[in-house]
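Okay, structure first, notes after.
By convention in this document, chain letters (A, B, ...) are assigned in the order of the sequence lines, proteins followed by strands, and residues within each chain are numbered from 1. All of these numbers come straight from a predicted model, not from anything done at the bench.
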Amino acid sequence: MSRLTNKHIQHLYWRAGFGISYTELHQVKKMSKNKIIQHLFDQSKDPKELHIDLKEFEKDPKTLTKEKRKELRNLQNQKILDMNALWFEQMKNTKGVLREKMTLFFQNHFAVRLRMPKVMLYFHNTIRKHALSNFGELLMDISRSPAMIMFLNNRQNRKGSPNENFAREVMELFTLGRDNRYTEKDIKEAARAFTGWDFDKEGKFVFRQYRHDSGDKVFLERKGAFKGEDIIKILLEEKQTAIYLTEKIYRFFVHDTINQEHIKELATIFYDSNYNIEILLKSIFSSTWFYDKKNIGTKIKSPVDLITGLNRQFYITYAEPKVLFYTQRKLNQMLFYPPNVAGWPGGKYWIDSSTMMIRLKLASVMLTNGKIDMDIKQDMPENMMTNPRKSKRTGLAKRIRAQGNWKKFLVTLQTENKKEVTDFLIQPELSEAAKRVLSASGINDTKSFIVELLSLPEYQLC
Amino acid sequence: MERRDFLKNSVFASGMALIPSFLKGMEFLTPDQLSGYRNVIIIQLSGGNDGLNTIIPIHNDIYHRLRPAIAKKKQETLAIDDTLAFNNHLQEIKQLYDQGDVSIINNVGYPNPNRSHFRSSDIWHTASGADQHLTDGWIGRYLDAHCEHPYQAIEVDKGLSLTLKGKKMNGIAVSDPTLLYHSTREPFFKNIIVNTDQEMLDENNQGYLYKTMLETYSSASYIYETSKIYQTTTQYPSTAFGKNLKCIADFIISGLTTRVYYSSLGGFDNHVNQVNSQDRLLEIYSQAIGALVKDLKKNSRFKDTLILTFSEFGRRVKQNASRGTDHGTANNVFVIGGGLKKPGIYNEPPNLSDLDISGDLKHSIDFRSIYATILNNWLNVNDAPILGKTFDSLGFV
């Protein structure tokens with residue numbers, strides 16, 4: 001299969017990015033499968049680091065008044081929010097969608113939550129830099145970053161009184177996976193090896209010899225006077241690390257349930273390539289099974305996928321950044337604020353009673369002020385009891401003040417054929433209920449029909 | 001308007017007569033049915049609360065020796081008996097304790113304890129053994145076996161805990177009943193709902209989305225209409241946790257046929273400079289519980305309510321180098337209610353001179369015995385099928 005169908009290209013772009021515009025779909029359609037995949041990587045070459053102004057924090061806090069220090073503390077929060085908004089803006093506008101997607105993956109793999117803009121910005125940009133290259137280098141740089149040293153308490157981990165937090169999580173969450181391969185004893189020994197890790201005022205990594213436990217350690221059956229870096233290297237020598245990462249990446253890009261045969265093959269490729277992320281991803285995207293019917297339209301979009309997908313397709317603008325934060329909070333995914341060290345579990349976790357209704361309503365709120373037009377032919381007395389004007393602005397539409405650009409979207413959409421529009425916007429097959437509702441609704445104008453499509457449960461899938 | 005008439009009108013107003021037949025069967029409690037309708041509120045102190053600085057072995061030398069920087073001084077506690085004392089940020093809990101409304105169960109845990117938040121939370125949520133991986137929660141299994149509607153277990157919080165997820169049925173997560181209700185009123189969604197067949201609700205993601213939509217639709221009407229009946233006038237602290245408990249009180253007093261409520265208070269993972277932040281959290285907990293119990297008492301519902309407070313693990317006896325504590329094992333559990341059979345300190349205090357090889361407390365009561373007691377003695381259902389095996393009943397209710 002060297003050519004991809006429209007559905008396949010949409011599938012690839014939803015998984016590797018945030019969907020595809022109609023114009024772009026027809027551009028890349030001319031390319032072969034391998035060319036399209038290469039095109040995705042080519043467009044993501046630039047790490048596109050985020051930049052925010054942090055000069056307010058350069059002054060020595062000791063020289064400041066009490067009020068000024070308090071002001072700065074509030075400003076710290078604000079700066080993290082600025083980073084959040086900036087990242088969303090970049091995801092909306094960039095051509096390098098795969099870089100953004102992989103950065104999202106690793107920002108959640110290494111789920112750190114701190115109120116310190118400088119160390120968080122450095123942390124985020126470190127992930128960007130390595131997101132499509134080498135996992136080993138990423139793991140090392142992230143482990144030694146001030147954010148990680150702070151967040152998992154390696155700074156407090158000292159000879160004679162170890163703090164096991166990082167040692168435990170580096171195995172449980174970042175490399176081997178819970179209950180795989182290591183024991184409580186390995187955690188204790190690794191914690192000893194990580195003693196002495198710290199950073200200076202500039203945010204540079206520092207090794208403090210006097211805090212380091214330089215004695216012999218026995219870690220995963222190896223013995224030596226290990227330092228932290230040695231532990232990371234040993235963890236990378238373990239094939240289980242490649243397996244664990246591959247499983248997680250597979251669940252992120254392919255399907256909630258892993259296929260053991262695919263994992264076995266991919267993990268070997270990943271391990272043998274010395275953890276080359278690009279090689280792993282290319283193996284996934286160029287496989288035939290990636291385009292199997294059972295993998296298409298079966299993943300629940302994360303809130304970021306959903307929001308960014310709409311942002312990109314319909315050129316959504318927000319009245320103020322606060323609106324975007326509100327939406328993220330209500331959907332339980334606020335970037336830079338993961339729930340805990342394990343990050344967001346994803347999949348069905350996104351869906352509960354309250355998030356489901358907001359998600360269904362989101363597109364109409366952004367595009368038509370919350371109105372979903374219907375011309376119902378069936379006898380449905382209950383609808384007569386709802387005043388449509390009143391339902392026009394629900395609490396949600398008042399809070400989510402966002403606006404799409406229909407004109408721009410409709411110009412690019414070169415068809416008004418209902419089937420073509422449906423195939424383009426909806427990845428899974430329509431349920432019987434959806435088919436019945438759409439055919440019963442006598443809507444003829446394209447705009448209203450699109451809002452109906454976007455309000456179906458099917459639009460929540462990609 | 002009489003309460004009964006109000007309910008009747010609400011059923012029409014919300015258009016519930018038109019939802020698919022397999023979702024019908026809404027029940028409302030009349031005032032006489034309301035009395036005696038038992039419920040459980042489960043509260044998780046997430047992150048691993050340090051039980052030893054909550055219920056403090058204040059006269060124990062080992063406690064003071066192993067925690068030179070973080071041990072509580074006597075004047076920072078509220079004495080219980082010759083061995084134990086409350087952290088003095090638990091004022092309201094202490095008052096309830098003195099009134100015989102609190103039972104403190106020490107040394108609760110499970111064999112081969114896991115010190116990971118996620119794994120240990122999963123174990124508590126699913127009531128599994130340490131070597132067992134279950135994907136449904138213990139309340140989810142209770143829902144599956146004994147309840148007809150998802151709203152019979154409600155989590156007042158941001159998301160839905162594994163505890164409330166069953167195989168057939170999930171509980172409902174609500175943080176704002178009004179917002180939830182209004183979002184379901186869209187005619188387009190109603191139209192989808194009336195067109196949905198039960199056959200579509202299979203286990204894949206698409207079926208799951210439809211199922212959630214349907215359950216939400218019917219539950220949201222029910223919760224919204226019923227909870228309008230009572231809006232508390234009791235003052236609650238303005239913390240997020242306080243607001244959540246206020247919402248639960250409104251539900252209970254309004255007469256929702258909900259059996260289990262769930263909420264959590266996070267931030268207990270104090271590896272560094274623990275004392276201040278734990279004290280602050282315990283105060284938030286205590287003040288909110290104090291307001292809740294006052295409210296329930298005022299409305300004669302406290303005797304039908306049982307509040308279980310747990311944390312996924314306790315913390316290490318010895319402090320770490322950063323004036324904090326690392327992940328530990330066995331911990332104390334609070335049971336608060338108007339119908340306790342054994343209020344007070346339920347069992348022996350923690351034994352600090354007999355720790356495991358990591359320096360952690362050994363458990364003497366399996367947490368599943370507490371679940372078994374609640375299921376059997378309080379909710380009057382057979383606990384063994386839900387918990388997978390038989391555990392001793394503790395008789396605190």
I want to check something: taking the side chain as every heavy atom from C-beta on, are [X] and [Y] in contact at a cut-off of under 4.5 Å?
X      : Y      : answer
B:F188 : A:L360 : no
A:N153 : B:S322 : no
B:T212 : A:Q460 : no
B:Y217 : A:M357 : no

Chain A contact via B:N170 - which portion, at a heavy-atom distance below 4.5 Å
neither

Is it the backbone or the side chain of B:R316 that comes under 4.5 Å from a heavy atom of chain A, or both, or neither?
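B:R316 touches chain A through side-chain heavy atoms alone.
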
Rounded to the nearest 0.5 Å, what separates atom [atom1] in [X] from atom [atom2] in [Y]?
X      : Y      : atom1 : atom2 : result
A:R168 : B:H327 : CZ    : NE2   : 6.5 Å
A:F151 : B:H271 : CZ    : NE2   : 9.5 Å
B:N320 : A:R158 : CG    : CZ    : 10.5 Å
A:S455 : B:N191 : OG    : CG    : 12.0 Å
A:D352 : B:K165 : CG    : NZ    : 7.5 Å
A:E169 : B:H117 : CD    : NE2   : 6.5 Å

Counting heavy-atom pairs under 4.5 Å to chain B, which of A:Q156, A:E172, A:K348, A:R329 comes out on top?
A:K348

Shorter than 4.5 Å, heavy atoms on both sides: which option in A:E432, A:E184, A:R155 has the most such pairs with chain B?
A:E184

If you count heavy-atom pairs under 4.5 Å with chain A, which of B:N204, B:L160, B:T184 comes out on top?
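The residue among B:N204, B:L160, B:T184 with the greatest pair count is B:T184.
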
What residue in B:K318, B:Q319, B:R115 has the most heavy-atom pairs under 4.5 Å with chain A?
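The answer is B:R115.
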
Hey, mind stepping through B:N205 and A:D256 against side chain to side chain donor-acceptor pair (under 3.5 Å) and telling me if it holds?
CA-CA 9 Å; B:N205 281 339; A:D256 293 348; 3.1 Å; yes

So which atom in B:L209 and which in A:P457 form the shortest heavy-atom distance, rounded to 0.1 Å?
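Heavy-atom minimum between the residues: CD1-O, 3.4 Å.
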
Which atom of A:R436 lies closest to which atom of B:N195, heavy atoms considered
NH2-O, 2.6 Å

Can a salt bridge be assigned to the pair B:D176 and A:K330 using a cut-off of 4.0 Å between side-chain N and carboxylate O?
no

